[in-house]
Amino acid sequence: MKSEKRIKVKDLMNSTAFGSDVTVKGWVRTFRNNQFIAINDGSTLSNIQAVVDFTTADETLLKRLTTGAAVSVMGTLVESQGKGQKVEIKVKKLEILGDSDAEKFPLQPKKHSLEFLRDIAHLRFRTNTFNAVFKVRHALAFAIHQFFNDRGFVYLHTPIITASDAEGAGEMFRVTSLDFNNPPRLENGEVDFKQDFFGKSTNLTVSGQLEAELAAMAFGEVYTFGPTFRAENSNTTRHLAEFWMIEPEVAFNDLTDNMQLAEDLLKYVIKHAIDTCAEELEFLKTRLLEEEKTKPQDERSELDLMAKLNFCLENDFERLTYTEAIEILKHSAPNKKKKFKYLIDQWGADLQSEHERFLVEKHFKKPVILTDYPKGIKAFYMRQNDDGTTVRAMDILFPGIGEIIGGSQREERLERLEKRMEEMNIPAEELYWYLDTRKFGTAPHAGFGLGFERLVLFVTGMTNIRDVIPFPRAPKTAEF
RNA sequence: UCUUCCUUAGCUCAGUUGGUUAGAGCAUCUGACUGUUAAUCAGAGGGUCGUAGGUUCAAGUCCUACAGGGAGAGCCA
């Protein structure tokens, strides 16, 4: 068959060019009744129905129309006689581009568990659920760039390999070209990293924030959007060893500006997903409803996916300080009845997941921004309040996800910063370049980190973070 | 890393107080039907019950260890 120009299924579904010949290429989802091929080409969740005349068609060719096979069909676009679809293709020419052995191909035209699909992540793109999830993921990524671009931010590529292990944002993955079995050693037995590729010990980045701050001190507003690596042994539905993070950093912003930027960003990208992924979100909404049917009544969410997203757009996020949150928690029913595993008794304790969930899902029932945490439980670079005990930190908590954003106004005063680094045993010499921003033209500034996969989790209504990134990297998991 | 649950056919699962040759639906194969919508109907094949030990006359079922997976926790985004 000579190569006719292929038309995407998405463009065909609403076409009224009946009688014209069209070519469609895609993958067989099902072949029914020896004559109806459901073809999906990924452009839409919908399949186009191609009808073959089995009385004249080559029987051996029809036998090869198995689930998963790649096909090219040329035929006349007609109004469907059947009820399930408006248009279909009356096939004139059928070509199998790639066979798919029905005995071995693991996907069937039926529901599969997410756990099973995770094991065949190289094939799961071919399912409706993952088609929808990754379309939404794309839309969100695109919207993030558009949001910042429209506001004059510079997209900054911060390094993936870094020599600074000073930030303390978690365990790091070492990067080396030394012979792992026989590394050069110093006289005291330690590995001699002077002989390593970079002449020093290097790791994969855990954050681009410190570098972003440097650029913010020149461009005013910058953001990063790249992969981040944490070697934590975290086995949860919301942690990955390799994930994508968005980190805006804005000069002259204070914490209030920072909160507003974060809220605006989240609302903008969710709106964009609603506007551009109507079909996908509708599918995911239904999927979630089906999934929740298997749960007991009291564990089901009150709002469906679309209602939840719209609710998020229409309401201001609840803003309160850590201290106010502690007061609410202290007097909450679960605390008094000792239902919390960790009871809130005094100021200064770190909030546990159960407390965050209570505030977001039970008390306020909407996204919550917590600010002004005790300095003891937060990073060295956060701006210290005059009370001497709290810092200008903010965490944005989402229902079902927990912390989706963590950020702060940064400590721009050199002396305060150096003192805090000393208290927290952060080696100042290694971070001389960071401290230089405070020596030369320091200015108030603020920023935050948005966990991209957590955002995708929220918008798609999926519940395991490993199902919203194509090839998840997690402890004991690096397949594909 | 901790707690807890799970592992039976390609997939999803059932399997009684331990008791003959371990079942179902879907998928696959064969045939029928031919405007179907996860097509339908008839028939067939397919399992050393996660692995290794142990208890017992007898283990899919009870015990132990290990492996893999899920959920929750910690760490965080």
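Here is the naming used below: chain letters follow the sequence lines, and residue numbers restart at 1 for every chain.
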Engineer: So if I apply the ring-ring contact (aromatic ring centres under 6.0 Å, His included) rule between A/F398 and each of A/F317, A/F364, A/F311, which one comes out positive?
Structural biologist: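 The passing option is A/F317.
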Engineer: Could you tell me whether the side-chain ring of A/F452 sits stacked on the base of B/rA77, using a centroid cut-off under 5.5 Å and a plane angle under 30°?
Structural biologist: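 No, the aromatic ring of A/F452 does not stack with the base.
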Engineer: Please compare A/N33 and A/A102 by the position of their nearest nucleotide in RNA chain B and report the one closer to 5'.
Structural biologist: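 Counting from the 5' end, the first nearest nucleotide belongs to A/A102.
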Engineer: Whole angstrom is fine here: how far is it from CD in A/E249 over to C1' in B/rA77?
Structural biologist: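 From A/E249 CD to B/rA77 C1': 15 Å.
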Engineer: Could you write out RNA chain B as dot-bracket? Rules: Watson-Crick or G-U wobble, both distances under 3.5 Å, brackets [ ] for crossings, | for pairs with another strand, dot for unpaired.
Structural biologist: (((((((..((((.....[...)))).(((((.......))))).....(((((..]....))))))))))))....
Engineer: Is it true that A/D467 and A/R124 have a side-chain N and a carboxylate O under 4.0 angstrom from each other?
Structural biologist: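 Salt bridge present between A/D467 and A/R124.
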Engineer: Mind checking A/S234 for me? I need base, sugar-phosphate or nothing, with any heavy atom below 4.0 Å counting as a touch.
Structural biologist: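 Base contact - A/S234 has a heavy atom under 4.0 Å of at least one base atom.
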Engineer: Are A/E411 and A/R392 within salt-bridge range, i.e. N to O under 4.0 Å?
Structural biologist: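 No salt bridge links A/E411 with A/R392.
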Engineer: Please examine the side chains of A/P227 and A/I160, heavy atoms only from C-beta on, and report whether any two atoms are closer than 4.5 Å.
Structural biologist: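 Answer yes - side chains close enough.
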Engineer: Checking contacts here: which listed nucleotide (B/rU1, B/rC29, B/rG74) is nearest the side-chain heavy atoms of A/H239?
Structural biologist: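 The nucleotide sitting nearest to the side chain is B/rG74.
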Engineer: Just how far, in rounded Å, is P of B/rA32 from CG of A/L62?
Structural biologist: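 For the pair A/L62 CG and B/rA32 P, the rounded distance is 14 Å.
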Engineer: May I ask you to say what A/I405 touches in the nucleic acid, namely base, sugar-phosphate or nothing, with a heavy-atom cut-off under 4.0 Å?
Structural biologist: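 Here A/I405 touches the backbone only, sparing every base.
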Engineer: Please write out each protein N/O paired with an N/O of nucleotides 67-70 of chain B under 3.5 Å, distance rounded to 0.1 Å.
Structural biologist:
| unit_1 | atom_1 | unit_2 | atom_2 | d |
| --- | --- | --- | --- | --- |
| B/rG70 | OP1 | A/R118 | NH1 | 2.8 |

Engineer: Can you list the steps and then say if A/F225 with A/F452 is a ring pair (Phe, Tyr, Trp, His ring centres under 6.0 Å)?
Structural biologist: CA-CA 9 Å; A/F225 187 171; A/F452 185 55; 5.0 Å; yes
Engineer: Quick one: which of B/rA73, B/rA77, B/rA39 gets closest to the side chain of A/R32?
Structural biologist: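 The nucleotide sitting nearest to the side chain is B/rA39.
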Engineer: Between A/H145 and A/F147, does the ring centroid distance fall short of 6.0 Å?
Structural biologist: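 Not under 6.0 Å, so no.
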Engineer: Select one nucleotide: of B/rG35, B/rG72, B/rU1, the one nearest the side-chain heavy atoms of A/N235.
Structural biologist: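 Of the options given, the side chain of A/N235 lies nearest B/rU1.
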Engineer: Under 30°, 30 to 60°, or over 60°: which ring-plane class applies to A/F358 and A/H363, parallel, tilted or perpendicular?
Structural biologist: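 Tilted.
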Engineer: Identify whether the distance between the nearest side-chain nitrogen and carboxylate oxygen of A/K267 and A/E263 falls below 4.0 Å.
Structural biologist: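 Here A/K267 pairs with A/E263 in a salt bridge, since their nearest N and O are under 4.0 Å apart.
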Engineer: How about A/S46 and A/E279: does a side-chain donor come under 3.5 Å of a side-chain acceptor?
Structural biologist: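 Yes.
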Engineer: Mind checking A/E356 for me? I need base, sugar-phosphate or nothing, with any heavy atom below 4.0 Å counting as a touch.
Structural biologist: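 No contact.
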Engineer: Give a yes or no on whether a salt bridge exists between A/K293 and A/E290, defined as a side-chain N under 4.0 angstrom from a carboxylate O.
Structural biologist: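 Yes, A/K293 and A/E290 are salt-bridged.
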Engineer: Looking at the side chain of A/K63, which of B/rU30, B/rU36, B/rG72 is the nearest nucleotide?
Structural biologist: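 Between B/rU30, B/rU36, B/rG72, the one nearest the side chain of A/K63 would be B/rU30.
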Engineer: If the threshold is 4.0 Å, N to carboxylate O, is there a salt bridge linking A/D21 and A/K92?
Structural biologist: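 Looking at A/K92 together with A/D21, the answer is yes, because their closest N to O distance falls below 4.0 Å.
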Engineer: Please determine, by modelled atom types, if A/Q146 and A/R151 share a side-chain donor-acceptor pair under 3.5 angstrom.
Structural biologist: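 Short answer, no.
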Engineer: Rounded to the Å, how far apart are A/F31 CZ and B/rG35 P?
Structural biologist: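 Spelled out: CZ on A/F31 to P on B/rG35 is 14 Å.
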Engineer: Output the residues of residues 34-53 of chain A in contact with RNA chain B, where contact means a heavy atom of the residue under 4.0 Å from an atom of the strand; sort by number or write none.
Structural biologist: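 Result for residues 34-53 of chain A: A/N34, A/Q35, A/F36, A/Q49, sorted by number.
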Engineer: Starting at atom CD of A/E171, determine the distance to atom C1' of B/rC76, rounded to an integer number of angstrom.
Structural biologist: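 Rounded to whole Å, this separation is 13 Å.
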Engineer: Reckon A/F54 touches a base, only the sugar-phosphate, or nothing at all at heavy-atom distances under 4.0 Å?
Structural biologist: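 It contacts base atoms.
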Engineer: Describe the nucleic acid contact of A/L450 in one word from base, sugar-phosphate, nothing, applying a heavy-atom distance below 4.0 Å.
Structural biologist: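 Nothing: the residue A/L450, judged by heavy atoms under 4.0 Å, touches no strand.
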Engineer: Strictly under 4.0 angstrom, non-hydrogen atoms only: write out the protein contact profile of nucleotides 5-11 of chain B, one letter per nucleotide from the 5' end, B, S or -.
Structural biologist: -----BB
Engineer: May I ask you to say what A/Q85 touches in the nucleic acid, namely base, sugar-phosphate or nothing, with a heavy-atom cut-off under 4.0 Å?
Structural biologist: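 Answer is base: heavy atoms of A/Q85 come under 4.0 Å of a base.
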Engineer: Could you pull out every donor-acceptor pair under 3.5 Å between side chains of residues 333-346 of chain A and any protein atom, sequence neighbours left out?
Structural biologist:
| unit_1 | atom_1 | unit_2 | atom_2 | d |
| --- | --- | --- | --- | --- |
| A/N335 | OD1 | A/I344 | N | 2.8 |
| A/N335 | ND2 | A/K330 | O | 3.2 |
| A/N335 | ND2 | A/I344 | O | 3.1 |

Engineer: Check this for me, if you would: do A/E354 and A/R357 make a salt bridge, where the nitrogen-to-carboxylate-oxygen distance has to be below 4.0 angstrom?
Structural biologist: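 Looking at A/R357 together with A/E354, the answer is no, because their closest N to O distance does not fall below 4.0 Å.
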Engineer: To the nearest Å, how far apart are A/E242 CD and B/rA77 P?
Structural biologist: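 Taking CD of A/E242 and P of B/rA77, I get 17 Å after rounding.
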Engineer: Taking any heavy-atom pair under 4.0 Å as a contact, classify A/K83: base, sugar-phosphate, or nothing.
Structural biologist: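 Base contact.
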Engineer: When the aromatic ring centroids of A/F471 and A/F125 are compared, is their separation below 6.0 Å?
Structural biologist: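 Ring-ring flag for A/F471/A/F125: true, centres closer than 6.0 Å.
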Engineer: Check this for me, if you would: do A/E453 and A/R238 make a salt bridge, where the nitrogen-to-carboxylate-oxygen distance has to be below 4.0 angstrom?
Structural biologist: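 Result for this pair is no, no salt bridge flagged.
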Engineer: Between A/K378 and A/D395 (salt bridge meaning N to carboxylate O under 4.0 Å), is one present in this structure?
Structural biologist: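 Yes, this pair counts.
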Engineer: Check each residue of residues 130-146 of chain A for a non-hydrogen atom within less than 4.0 Å of any atom in RNA chain B, then write out the ones that pass by number, or none.
Structural biologist: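 Contacting residues: none.
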Engineer: When all nucleic acid strands are considered with a 4.0 Å heavy-atom cut-off, which category describes A/G82: base, sugar-phosphate, or nothing?
Structural biologist: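 Base contact - A/G82 has a heavy atom under 4.0 Å of at least one base atom.
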Engineer: Using 30° and 60° as the class limits, which term best fits the ring planes of A/Y155 and A/H157: parallel, tilted or perpendicular?
Structural biologist: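 A/Y155 vs A/H157 ring planes: perpendicular.
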Engineer: Let me spell it out: for each of A/F243 and A/R238, pick the nucleotide of RNA chain B with the closest heavy atom. Which residue's pick is nearer the 5' end?
Structural biologist: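 Per heavy-atom nearest nucleotide, the more 5' residue is A/R238.
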Engineer: Considering only B/rA73, B/rU28, B/rA77, which nucleotide approaches the side chain of A/K341 most closely?
Structural biologist: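 Side chain of A/K341 sits closest to B/rA73.
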